[in-house]
Each structure stands twice: as C-alpha cells, then as structure tokens.
Number of protein chains: 2
Amino acid sequence: MEKEVTIYDIAKRLNYSPATVSRALNDHPAIKLDTKDLITSMAREMGYRSNTFASNLRRQRTNTIGVIVPRLNSSFVSSVLAGMEKVANEAGYNLIISQSLESVTKEKANTQTMFNSRVDGLLVSVAYDTEDIEHFTAFTNKGIPLLFFDRVIGNDQFTSIVIDNAKAGYEATAHLLKLGRRRVMHITGNLKRNVYADRLKGYKQALAEYGIPFDERLVQVTDLSQEVGVEVARQITRMPIRPDGLFVTNDLCAVSCMTTLKQTGLSIPDDVAVVGFNNDPVSQVVNPALTTIHYPGREMGEIAAKSLINHLNGLMDIQATNTIILRSELIIRGSSQK
Amino acid sequence: MEKEVTIYDIAKRLNYSPATVSRALNDHPAIKLDTKDLITSMAREMGYRSNTFASNLRRQRTNTIGVIVPRLNSSFVSSVLAGMEKVANEAGYNLIISQSLESVTKEKANTQTMFNSRVDGLLVSVAYDTEDIEHFTAFTNKGIPLLFFDRVIGNDQFTSIVIDNAKAGYEATAHLLKLGRRRVMHITGNLKRNVYADRLKGYKQALAEYGIPFDERLVQVTDLSQEVGVEVARQITRMPIRPDGLFVTNDLCAVSCMTTLKQTGLSIPDDVAVVGFNNDPVSQVVNPALTTIHYPGREMGEIAAKSLINHLNGLMDIQATNTIILRSELIIRGSSQK
DNA sequence: CTGTTAGCGCTTTCAC
DNA sequence: GTGAAAGCGCTAACAG
C-alpha cells in the first residue's frame, strides 16, 4: 500500500511552494508555462492524484450532481440516465444516482444523503406516493438548484422538465376515437403524479370532444405493473359490455394486457384497440406492434443535466425558466389499426 | 443563502466540545444517552448537516463505490445497477456511476475520475475494445478493491463475478442441436470479451459433441446491435444453404433478426429456430417468444456490491475469492420449438 | 464519559 | 510569478 502523494511532496521535490504546485495543477494563468510543465510532469512521475475531498472542502463545491429516480430498472429511466451521464461527464461532473423504489421514505433518506454529500444540484423524479416537498426545502433554503423531471411536483415553485402529458393523453385517446372506438378504457397510475393526472385530463378532453360521456368505471388507477396488465385483461373478458379501446399509460403493462387478451381469444386490434405509453423496446416487438407515445427520455436526461450545469456555471437561471416542455409523439402501429 | 452550521456551532450552543458533538452524532458508544439526545435534537433544530468532505478527508474513506459500465441504457445493465444500488444504499454507501460507451478512452478517463474521487472500491464491466488493464493498476497499487462483473478481464489477477458463459453457450447450442438442427449460425460480439469468447467455446463444444464440424462462416462477430440483426437476416435469406438454427448472444439483436426473417417470409421456428441471450423483456413479448438464456442481472449487481462491501468491512477477502459464478438458465420458448 | 489537540490536503488572500 | 499562512469541518489519539 503506497503512501499518498500530495502537493507538498511535489513542492518539496521541486523546491516550490505548495501554492504554486496547486496553481500549476489547476492551470492557473499566473504561472509560467515552464513551471507548469515541470510541475505537471513531476506530478505524473510521482503518481500524484488530486484529493477531491480536500479540494471540495476548501472550495465548497463538489462537481457532483445528485439524481433520484423512482427505479433504475426501467427502459425509460435508463435512457434518461444515459443522457444525463453523457452531458454531466462531458462537463466534468459526477453523478450520484439513487432510487426511491417508489417510496417517499426512501426518497427522503436519499435526499438527505444527497444533501450531506453536498451535491451541487439535484435532479429528481418523485416516487409514487410523495405528497409534500418538505424534504427538499433544505436544498431551496441553501440555494442549491433543484430540478424536477418527468414526475414533477408543485408546478410553480420548482423548475421542471416534462412532456405535455395532457396533450399526449389527448392524442392517444383521440386516436382511438378517430378509429371509431367508443368505449375506451384507461389504465393509469397514481393521480397524485402529474404524469398520470395530466394524461387523464387529456383522455377526458378527447372524450368530451367526441361527445362521449366520461365513465368513471372505465378508468383504473393501478401500479401499472405487468401483473396489473394480466388482471385488467381478465376483467375485460368478464365484462358484460367490453371496451373496444384501451389506453394504458405504460408499455410493459399494455403489452402484458394485450398478450393476455389475445390468449383469451380476443383479437387485437379488432376487438380491442390498444395504445401504450413510452415507446419502450417491447412495444415494437410485440405482435401486433403497440401504438404508443414516444417519450424522449434521453433528451430529457440531457436537457435536465445541461440546464442544471448551465445554471451552476451562471450561464442560465433555471429558477427563471419555470417549465421546459419536450415534444412527445404518437407512434401508430398495428395494435390500434390494421 | 443560510450560513452553514458546523459541529462547532452546536458545541458552543450546548457548551460541549466539538469532539463530543461529533461522537454523539456518530452514535459513539461512549456518550451518555441524554447527551446524545440533546445534541441530536439541537443539531436538527439548527439545521445541521454533516460535511461529508471534511469527514472523508479526515477518515480517508468515502463510503462511495464507483461503477463503470459499458452503457447505461440496456435492460441488463439497469437490472445490475438496481441490484447494486439497493445493496449499497442499505449499507450506507453511495454509488458513482459512469458509462464507457464501449470506448477504452472513456473508460480510462472514468477510471481516473473514480480514482480521484477516492471511491472505496470499484465495480467494472469493461468496454468492447479494452485491451489491457493498465488503467486499473492505480487501484491495485493503492490496495483499492477492484471487482469485475460480466465483462471481466484477466481471469486470474482480479476477482470477477460472472455466469458460466461457456456452459450457457453450450446449452443454447445443444438445445438447437437436440431439436435436430444441423446448421446453427452464431452471432456474437468482440471475442476479446470473455462473455463472447466463452459462449463461442460452448457453441463449439456442443457442435463437437453432436459430431458437427465447426464452420467458421457460420460465426459472425458483430456489435450485436439491432441493425446487425436486420443485416444478418438479409444475409440469411440470400444464402444458398440457409442455417436452420440461430444463436444470437443478445436478445435485442436476436429479436430484430427474427422479425426481419419473418418479414421475408421465413417461418420461426420451422425454417430457423432462434435462441437469444439475456432474457430481456422483449424476449417474452416477441412472437414467437424467444428462447433465451436467463442472465441474473439483479443478483449479479447485488452480489458484486455485497462482496465489495463485505471486503471493505473486513468480513471477506475478495482477493482470495477469485471468481464467483452465478447460475444462468436456458428458457425455452416458441422461437426454438413449437 | 468528555475535552484538547493536531492534522487530513487543498485553495486563496495577501504580500512581495 | 511565487510564497506564507490560515482555515475549510471533521475525527481520533491521548489525556483525564
């Protein structure tokens, strides 16, 4: 186990002061080029590595961005993270990532950890059951930038990056109605979450526009799991009057529902036309391919990270920019029409 | 912007020494319960947050684990990460995650960053074109534990967590041969990587066992992308003697290949029986469902993190445990037999 | 059970 | 263009 090399060691070896070494290593303009070269090459030779903690402690800055997501293992989330990591990495930031597993309790704990880790900023997509935002006030109090994406909270108080979920919900539903479907069922998630509430809004708006009365029994709030998909399919087969359209706000759930419906002998899209959400890889692969809403996950991640970093570098004020809305898009495939 | 509260502020306010405050906050056994309560509640009241950097600087430990993966947006990787995050979080560790995007250059840069961030340990799955392991010697020199998973390197020198890829490759191939297929094509990745090299080994072994001569032209080294799937399908349709079996070491690629084959009028599994790899969500959804090898991603992540943490806590020596092999499993579905 | 003291490695102000 | 010196906030050895 080698001894750690510090700027003092380099300084001593070269008969410079630690201050000069520090400056040289940080490419400070006031240092002669020769000196810089000398010092950097000696640093390399001696196997020096900068101590981020000492530096952070001193500079009160971490070059680290915290990310809290509901869960890591979803195709949507991983696209978002891939986008974030790319942008952050290029800008010299590290990402600390944690998952709330859809529980506020864990979300709170994670938030605390992030806070203690003194992340320069925080990117959050909230859990299923997050009610208030008290656990984030520590950040706002300290002026640490906080940016919500996808599952956002408190429309006005925080900057958020979203798609137009109402519009997406409207388009999905209107698409089914345009095809002549009149009994469109809607499977969605916890309505506390903007994404689901807004999509429901869009659903209702489309119905209204086509003069179809809203029927509460056709809307189901679930956890959008694959199991739910199976269950919903079972329910549908048992219904006296079956829906002829189905709008599920999650592709995996939609797919498992569709598959189960097919197994019970129903035909997709003839008996039930289906629209999903997210444009998950499975949506292209299922048969018939699933009509869905493309959700620009990677872009969302990139823009979220970029906005935060710009803000940190004083190039932009995310507090001023209240909401960034990305374009989603209806992708029509076989599950809704032949 | 509030002023940062330190243990000194708490100490002054309560007429204790900073040391006592520190101990109380860290739940040191030698502190009276009353004092602890008093101090912790005062800390809460004053809005104290521990400064991880000062603490890390002092303790020479970070409670942070670095993770480097080829890419974030794959279903396999996100399962692994989900497992790691869970275990790490429960043990009080943070995860710094970065992606090499399959490039050694970026992998090296990431490794350096992790090193400077003084992660307590590093979990790595190497990039497509990583040749040597020089960029990790900094870690081994300093005695920082290094653990490879999935795409591992240098069988002996480093601890690694893998599945038995040769066995998996063997099972996939033998399954096809057992069904009477005699011309089994194998689409795989860069043979520098253990995962692909070993699967090829298994493939060859199965052929040998069934007395079928190995035909080089039936093996293709690709990047296993979805585009490759399409291209391979096109090639197959053009071949004078078509393969009757296809073993692709990646589900997404297998699925796109399968789908393209179907489009050109070939029947799966009748004309070509297909086996994939990973048990990606798409494999269950495609029609016919894809026979594949289940890869225990989540478990791999959990075990990798757990082993590293146990090692850090002195509960285990991962240098002694050279290789941990997890069970993979052939999952037979419609794409290989009716 | 609690306090004193020193120092982790770095940056930065002030001085020359 | 470079140096001296202080201090970021915390912990651990030692002392009592």
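All chains are named by letter (A, B, ...) in the order of the sequence lines, taking the proteins before the strands, and each is independently numbered beginning at 1.
Side-chain contact between Thr35(A) and Leu14(A) is absent, with no heavy atoms from C-beta onward closer than 4.5 Å.
Summarising the geometry, the separation between CZ on Arg59(B) and P on dG9(D) is reported as 17 Å, rounded to the nearest angstrom. For Gln60(B) and dT11(D), the CD to C1' distance is 11 Å, given to the nearest whole Å. Nucleotide dC8(C) holds its C1' atom 4 Å from the CG atom of Leu57(B), rounded to whole Å. The CG atom of Asn51(A) sits 8 Å away from the C1' atom of dC8(C) (whole-angstrom rounding). Atom P of nucleotide dT11(D) and atom CG of Asn56(B) are separated by 9 Å, given to the nearest angstrom.
Under the rule for a side chain to side chain donor-acceptor pair (under 3.5 Å), the partners of Thr20(B) that lie at least two apart in sequence or sit in another chain are Ser17(B). For Ser75(B), the side chain to side chain donor-acceptor pair (under 3.5 Å) test picks out Asp280(B), with sequence neighbours left out. Annotation: side-chain contact (heavy atoms from CB on, under 4.5 Å) contacts of Ala24(A) (sequence neighbours excluded): Ile31(A), Lys36(A), Ile39(A). For Thr105(B), the side-chain contact (heavy atoms from CB on, under 4.5 Å) partners at least two apart in sequence or on another chain are Ser103(B). Partners of Asn63(B) under the side chain to side chain donor-acceptor pair (under 3.5 Å) rule, at least two apart in sequence or in another chain, are Arg61(B).
Within a heavy-atom distance below 4.0 Å of DNA chain D, the residues of residues 12-30 of chain A found are Asn15(A), Tyr16(A), Ser17(A), Ala19(A), Thr20(A), Arg23(A), Ala30(A). For DNA chain D, the residues of residues 31-43 of chain A within the heavy-atom distance limit of 4.0 Å (strictly under) are Ile31(A), Lys32(A), Thr35(A), sorted by number.
The ring pair (Phe, Tyr, Trp, His ring centres under 6.0 Å) analysis of residues 16-64 of chain A, with sequence neighbours excluded, yields the pairs Phe53(A)-Phe53(B). Sorted by first and then second residue, the ring pair (Phe, Tyr, Trp, His ring centres under 6.0 Å) pairs with a member in residues 98-145 of chain A read Phe115(A)-Phe139(A), Phe136(A)-Phe148(A); sequence neighbours excluded.
Side chain of Ile7(B), nearest nucleotide from dG9(C), dG9(D), dT11(D): dT11(D). Of the candidates dT11(D), dC8(C), dC10(C), dT11(D) carries the atom nearest the Tyr8(B) side chain, counting heavy atoms from C-beta on.
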